[in-house]
Amino acid sequence: MSRKPELRGRAARLARLFPPHSGSGRPGSGQAARTPFVLLVVLLLGGGLIGLLVLNSALSEGSFKLDDLQKETKSLTDQEQALQRDIDAYSAPDALQRRARELGMVPGGDPAFLDPNGTVRGVPNAAAEQSAVQVVRPPEAMPVPAASPTPTAAATATAAATATPAVTPSTEPSSATPTPGR
């Protein structure tokens, strides 16, 4: 009779994992070997599913953050453009001239230039002084002149509707002059 060879080392450890195959055909003999494999497959599938759920959640969170950052970027871009419009309004030549006149500045005369060797080119002239600075006040700051000593309601309404603001010379700049962008 033939005898099975005796296994040693790694082969012996592997052989112990699998039950010996007998030709008896018992129904439970193959079940013991399949249980660890099925359990491993179920655990791998469950772990993969949980991993996909975690990955999907992380991607969704990143998508929400991206959307919030895009909204914030749009808001900041709009704010930057509004500030740039204000700067452009303050930098416009007519606005600079108006602000300079409000501060009592006058246009300069002909300039003189210095060459690198120290000689003066041109004839410098002093700025022409203006005798009085004219400040235009807004209509709401102007008093409404009365047509008669005892005005009626209709006469007052007519006078207010047809009154034109008069320009009065003043030596002080007006603090009621509106500035652009405010």
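Note that these values count all heavy atoms, side chains included, but never hydrogens, waters or copies made by symmetry. Please read all numbers here as calculations on a predicted model, not as lab measurements.
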Just jot down the side-chain contact (heavy atoms from CB on, under 4.5 Å) partners of [X], sequence neighbours excluded, or say none.
X     : answer
Val38 : Val42
Leu96 : none
Thr77 : Thr73, Gln81
Ser91 : Ile87

* Asked: If you group Ile, Leu, Val, Met, Phe, Trp and Tyr by side-chain heavy-atom gaps below 4.5 Å, do Leu45 and Phe37 land in one group?
  -> yes
* **Sequence neighbours excluded - side-chain hydrogen bond (donor to acceptor under 3.5 Å, both in side chains) pairs with any residue from residues 54-68** => none
Using links of under 4.5 Å between side-chain heavy atoms of ILVMFWY residues, direct or through other members, which residues join [X] in one cluster?
X     : value
Leu83 : none
Leu40 : Leu44
Leu39 : Leu43
Leu55 : Leu59

Using atom types as modelled, flag every donor-acceptor pair under 3.5 Å from a side chain in residues 105-119 to any protein atom, sequence neighbours excluded.
unit_1	atom_1	unit_2	atom_2	d
Asp110	OD2	Asn125	ND2	3.3
Asp115	OD2	Thr119	OG1	3.1
Asn117	OD1	Thr119	N	3.2
Asn117	OD1	Thr119	OG1	3.0

* Asked: Residues two or more places apart in sequence or in another chain: which of them pass salt bridge (Lys or Arg N to Asp or Glu O under 4.0 Å) with Glu72?
  -> none
* Taking only residues two or more places apart in sequence, or in another chain, which ones meet Asp78 in a salt bridge (Lys or Arg N to Asp or Glu O under 4.0 Å)? ->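 Asp78: salt bridge (Lys or Arg N to Asp or Glu O under 4.0 Å) contacts with Lys74.
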